[in-house]
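Below: one structure, written as structure tokens.
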Amino acid sequence: MSNPKIAIIMGSQSDLETMTEAINLLKEFKADYLLRVLSAHRTPEEVAEFSKKSRKNGVKVIIAAAGGAAALAGVIAAHTTLPVIGVPIETQSLKGMDSLLSTVQMPGGIPVASMAIGRAGAKNAALFALEILATVDKNIEKKLSAYKKELAKKVKEIKLNC
Ligand code: RP5
């Protein structure tokens, strides 16, 4: 069995609906990924252990999704030198601004690549992870290139009747 190069970590099972965007994208690209629920606040030791072992386990990029006081991506980044991509989950109370600021406002020295709030962010996290892998993988690069051409084609095909 191959070791997945992309890890998707969610702070709660309630984040899964949003992260389906990332999962579907990775499935479309036939990329191997692993999925875990680990919480920076509820299971901090497991987050640290997972992060520390990731590189040795063959992971190349970690996507971390959390909402509210979203410490997950930052805590993972504190324990590894792998690139960490944060997905701020939309929240009811503050519409995800809380998640966004918690994810993006990292102190100097511990970078997290924060995506947009919610579903677009989840999708882009998957694409960004693939783009990182594509720096050394021609096959993924070809698929990304085809994906972008298809996006452009759809826009060019739009006909407005007004
Ligand atoms: C965060 O708290 C999770 O990532 C989730 O977005 C949010 C709420 O979690 P639940 O109370 O739904 O488990 O840690």
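All ligand and atom numbering here is 1-based and tracks the order in the structure. Numbering starts at 1 and runs along the sequence shown.
- Each of the atoms 3 (C), 4 (O) of ligand 1 lies under 4.0 Å from some heavy atom of G11.
- At a cut-off of 3.5 Å, with distance as the only test, a side-chain donor of T81 or R55 sits close to an acceptor on the other residue.
- Ranking protein heavy atoms by distance to atom 10 (P) of ligand 1, first place goes to S12 OG, 3.4 Å.
- At least one heavy atom of R42 sits under 4.0 Å from some atom of ligand 1.
- The protein non-hydrogen atom at the shortest distance from atom 3 (C) of ligand 1 is D15 OD2, 3.4 Å.
- Considering NE2 of H41 and OG1 of T43, their distance stands at 10.5 Å, rounded to 0.5 Å.
- The residue from I63, L133, I85 that alone fulfils the side-chain contact (heavy atoms from CB on, under 4.5 Å) condition with F128 is I85.
- E17 has a carboxylate O that lies under 4.0 Å from a charged side-chain N of R119, or vice versa, which qualifies the two as a salt bridge.
- At the top of the distance list for atom 12 (O) of ligand 1, counting protein heavy atoms only, stands S14 OG, 2.7 Å.
- The shortest contact between atom 7 (C) of ligand 1 and any protein heavy atom is with G67 O, 3.9 Å.
- Separation of atoms NZ (K149) and CG (L144) is listed at 12.0 Å; rounding is to 0.5 Å.
- Contact annotation: for A66 versus ligand 1, heavy atoms closer than 4.0 Å belong to both the backbone and the side chain.
- Every N/O-N/O distance between S39 and ligand 1 stays at or above 3.5 Å.
- Sparse packing is recorded around CD of Q13, with 12 or fewer heavy atoms of other residues, nucleotides or ligands lying under 6.0 Å away.
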